[in-house]
Amino acid sequence: MAESYQNPNFDNQNFQNNYPAPPIQELRVGFGKRFGAYLVDILFIALLSGIISFALPIKDTFLWKEVGVGLEKQRTEMEEKGMPDDQIDMSIGIAETFAQIGILAGIVGLLYSLVELFTGSSPAKHIFGIIAAHENGTQGNLGLWGARWFIKSSSSILSVIGMLAGVELLGTTGSIVGVLFLVGCFFALGEEKQALHDKIAKTAIFHKEDIANMQEQPIAAATV
């Protein structure tokens with residue numbers, strides 16, 4: 001009679017020696033899937049901003065003041081060049097639409113990112129089944145996600161505060177920080193698979209099922 005199948009004893013030292021845990025870097029999610037999730041999030045933010053722009057009269061708020069002045073200057077320049085009125089109206093109309101969406105995108109994007117702060121995953125990351133966790137693969141918590149969110153969103157935070165407070169320096173600083181972290185995203189192409197904000201926050205992105213497996217079988221959670 002054939003012997004019945006016996007489940008392996010994961011706590012057995014022989015099993016651990018013969019089937020060592022893979023390096024933690026192999027379990028981290030690399031640039032490709034992260035970039036895909038980022039593009040989906042950008043699409044969601046653009047759609048939300050577009051919808052809200054038709055419902056929220058941005059042009060009636062102080063946020064539109066400088067934009068309105070710039071558009072009027074642009075209209076005057078077009079008139080001086082002798083452009084037909086219908087072409088001027090169409091050009092200004094298109095510029096106004098994109099300006100409204102652009103203003104809202106910064107605010108909506110910051111609010112949208114709060115999902116990742118409280119859950120460790122943006123809506124797109126949830127769809128892709130990936131989540132932020134400690135860099136050694138242990139499950140994240142609100143404190144970890146909050147620190148990562150603050151670092152990752154520092155550019156948007158500074159830009160929005162600068163826009164609301166009318167302080168141009170904050171907006172400029174936010175833009176510089178934004179470029180820095182944008183370049184830092186390509187760090188995820190490296191062997192460690194961590195973007196710059198991950199390295200600072202000591203986080204990494206993992207598949208949710210891998211995080212769950214590592215909690216059930218700590219042997220799989222290799223140290224960094």
Side-chain angles (χ1 to χ4, degrees), residues 31 34-74 91-126 131-132 140 142-189 194-203 205:
F31 181 83
R34 293 176 64 159
F35 184 64
Y38 170 78
L39 292 179
V40 174
D41 280 326
I42 290 296
L43 177 61
F44 286 161
I45 292 171
L47 289 174
L48 286 171
S49 300
I51 293 171
I52 295 174
S53 68
F54 289 104
L56 187 65
I58 290 291
K59 292 193 290 186
D60 296 334
T61 69
F62 72 95
L63 297 175
W64 190 257
K65 183 178 179 180
E66 291 187 11
V67 176
V69 171
L71 289 175
E72 285 302 317
K73 182 179 179 180
Q74 186 177 348
S91 297
I92 296 299
I94 293 173
E96 285 183 349
T97 299
F98 278 102
Q100 290 182 66
I101 294 175
I103 291 173
L104 283 170
I107 299 174
V108 171
L110 188 59
L111 296 175
Y112 180 95
S113 69
L114 293 177
V115 175
E116 191 164 10
L117 185 159
F118 288 106
T119 67
S121 294
S122 66
K125 283 189 175 74
H126 278 295
I131 190 171
L142 187 58
L144 182 76
W145 297 330
R148 183 178 186 272
W149 174 87
F150 185 82
I151 294 168
K152 182 181 178 181
S153 304
S154 56
S155 170
S156 298
I157 294 172
L158 289 172
S159 297
V160 169
I161 292 176
M163 181 174 60
L164 295 176
V167 181
E168 186 176 349
L169 179 60
L170 287 176
T172 302
T173 303
S175 298
I176 295 173
V177 173
V179 172
L180 177 64
F181 281 116
L182 178 61
V183 174
C185 288
F186 291 96
F187 286 14
L189 287 167
Q194 290 174 290
L196 178 58
H197 55 269
D198 285 313
K199 289 181 177 295
I200 296 174
K202 298 187 182 304
T203 59
I205 302 297

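Note that the structure is predicted; figures quoted are calculated from it, not measured.
- In this structure, CZ in F187 is found 11.5 Å from CG in D198, a value given to the nearest 0.5 Å.
- For the atom pair NZ (K202) and CG (L144), the distance works out to 11.5 Å, reported to the nearest 0.5 Å.
- Within the 3.5 Å criterion, the main-chain N or O of G140 finds no donor-acceptor partner in the side chain of W145.
- The side-chain heavy atoms of I161 and V167, taken from C-beta on, include no pair separated by under 4.5 Å.
- From T173, atom OG1 reaches atom CD of E168 across 10.5 Å, with rounding to the nearest 0.5 Å.
- Between the side chain of S121 and the main chain of E116, no donor-acceptor pair closer than 3.5 Å is present.
- Here the closest heavy-atom approach between residue S159 and residue G171 is recorded as OG-O, 4.0 Å.
- In this structure, C185 SG and K152 NZ are separated by 7.0 Å, a value rounded to the nearest 0.5 Å.
- Between atom CD1 of residue I45 and atom CD1 of residue I107 there is a gap of 12.5 Å, rounded to the nearest 0.5 Å.
- Taking each heavy atom of L170 and G162 in turn, the nearest pair found is CB-CA, 3.7 Å.
- Here the shortest heavy-atom pairing between I157 and F150 reads CD1-CD1, 4.0 Å.
- Put simply, the side chain of L114 reaches to within 4.5 Å of the side chain of W149, judged on heavy atoms.
- The aromatic rings of Y112 and F44 sit tilted, their planes meeting at an angle between 30° and 60°.
- The CG atom of L182 sits 11.0 Å away from atom CG of L196, with the distance rounded to the nearest 0.5 Å.
- Contact between S155 and G174 at its shortest, heavy atoms only, is OG-O, 2.6 Å.
- Of all heavy-atom pairs spanning L117 and G146, the tightest one is CG-CA, 4.1 Å.
- Between the side chain of S153 and the backbone N or O of S156, no donor-acceptor pair lies under 3.5 Å.
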